[in-house]
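What follows is a set of notes on a single structure, which appears directly below.
Reminder, nothing fancy here: chain letters follow the sequence lines and each chain counts from 1.
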Amino acid sequence: MKSIFVGNLPWSATNEELEQKFSEFGEVKSARIINDKMTGKSKGFGFVDMDDDAAQKAIAALSGAKWGDRELTCNEARPKEDRPRKDSGRDRY
DNA sequence: GTTGAGCGTT
């Protein structure tokens, strides 16, 4: 399974729509759109978890695809380990 | 109620 970074999403985009659009290219394990204004600012992007080959196909297919009037940006998401949100490595120090 | 370059929450 690989994580796909989907950007340039419309403000009206939903997780279900993203999942549906990606599910037609492969099995979507999970799809979430980060669009939270309360906790911070508008994200406007989402993340889709799919199989490796499915993710590649989805990226190649939806990369540059148009969501209504906007062009989608699909790329492989960065490892979450690169962005420690919680105490990663509590046994240290 | 708004905005638009980017990499995430339960």
Side-chain angles (χ1 to χ4, degrees):
Chain A
M1 188 168 76
K2 242 181 220 108
S3 302
I4 308 173
F5 170 78
V6 186
N8 207 21
L9 294 175
W11 316 108
S12 305
T14 62
N15 311 44
E16 299 177 1
E17 290 180 300
L18 189 70
E19 181 179 330
Q20 284 181 4
K21 282 180 192 285
F22 274 80
S23 63
E24 65 178 313
F25 293 101
E27 184 182 1
V28 178
K29 310 298 183 182
S30 183
R32 51 166 143 291
I33 296 182
I34 312 301
N35 196 2
D36 202 359
K37 282 206 238 181
M38 259 172 69
T39 56
K41 288 183 184 171
S42 317
K43 308 298 187 288
F45 57 91
F47 287 93
V48 182
D49 297 333
M50 304 177 62
D51 203 5
D52 302 332
D53 50 321
Q56 297 297 345
K57 292 191 297 184
I59 291 173
L62 295 176
S63 182
K66 288 192 63 180
W67 189 305
D69 293 337
R70 287 237 185 15
E71 199 176 69
L72 301 180
T73 314
C74 302
N75 292 300
E76 188 178 345
R78 290 183 177 169
K80 296 191 301 186
E81 303 169 356
D82 196 35
R83 180 165 299 222
R85 178 167 87 45
K86 209 173 280 187
D87 45 353
S88 305
R90 51 180 77 127
D91 55 331
R92 197 161 296 182
Y93 297 109

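Look at CH2 on A:Trp11: it is 11 Å from C1' on B:dG6, rounded to the nearest Å. Regarding A:Leu18, its CG atom lies at a distance of 14 Å from the C1' atom of B:dC7, rounded to whole Å. Nucleotide B:dG4 holds its C1' atom 16 Å from the CD1 atom of A:Ile34, rounded to whole Å. The interatomic distance linking A:Lys43 (NZ) with B:dT10 (P) rounds to 11 Å, in whole Å. Distance A:Asp36 CG to B:dC7 P: 17 Å, rounded to the nearest Å. The distance between atom CZ of A:Phe47 and atom P of B:dA5, rounded to the nearest whole Å, is 17 Å. One interatomic measurement links the two molecules: CZ of A:Arg78 to C1' of B:dT9, which rounds to 18 Å at whole-angstrom precision. Rounded to whole angstrom, the span from the CG atom of A:Leu72 across to the P atom of B:dA5 amounts to 16 Å.
Side chains of A:Phe47 and A:Ile34 form a contact here, defined as non-hydrogen atoms less than 4.5 Å apart. Between A:Cys74 and A:Phe5, every side-chain heavy-atom pair lies at or beyond the 4.5 Å cut-off.
Between A:Lys29 and A:Glu27 there is a salt bridge, since at least one side-chain N of the basic residue sits less than 4.0 Å from a carboxylate O of the acidic one.
Aromatic stacking of A:Phe45 on B:dC7: not satisfied for centres closer than 5.5 Å together with planes under 30 degrees.
Of the residues near DNA chain B, A:Glu76 and A:Arg70, the one whose nearest nucleotide (by heavy atom distance) lies more toward the 5' end is A:Arg70.
Within the hydrophobic cluster formed by Ile, Leu, Val, Met, Phe, Trp and Tyr side chains joined at under 4.5 Å, directly or through other members, A:Ile4 is accompanied by A:Val6, A:Leu9, A:Leu18, A:Phe22, A:Phe25, A:Val28, A:Ile33, A:Val48, A:Met50, A:Ile59, A:Leu62, A:Trp67, A:Leu72.
A:Glu24 CD: more than 12 foreign heavy atoms inside a 6.0 Å radius.
A donor-acceptor pair under 3.5 Å is formed between the side chain of A:Glu17 and the backbone N or O of A:Thr14.
Non-hydrogen atoms lying under 4.0 Å from DNA chain B are contributed by A:Ser3, A:Phe5, A:Gly7, A:Asn8, A:Leu9, A:Pro10, all within residues 2-10 of chain A.
In B:dG4 the base sits anti relative to the sugar, since the glycosidic angle is further than 90° from 0.
Here the CZ atom belonging to A:Arg70 is positioned 10.0 Å from the NZ atom belonging to A:Lys66, to the nearest 0.5 angstrom.
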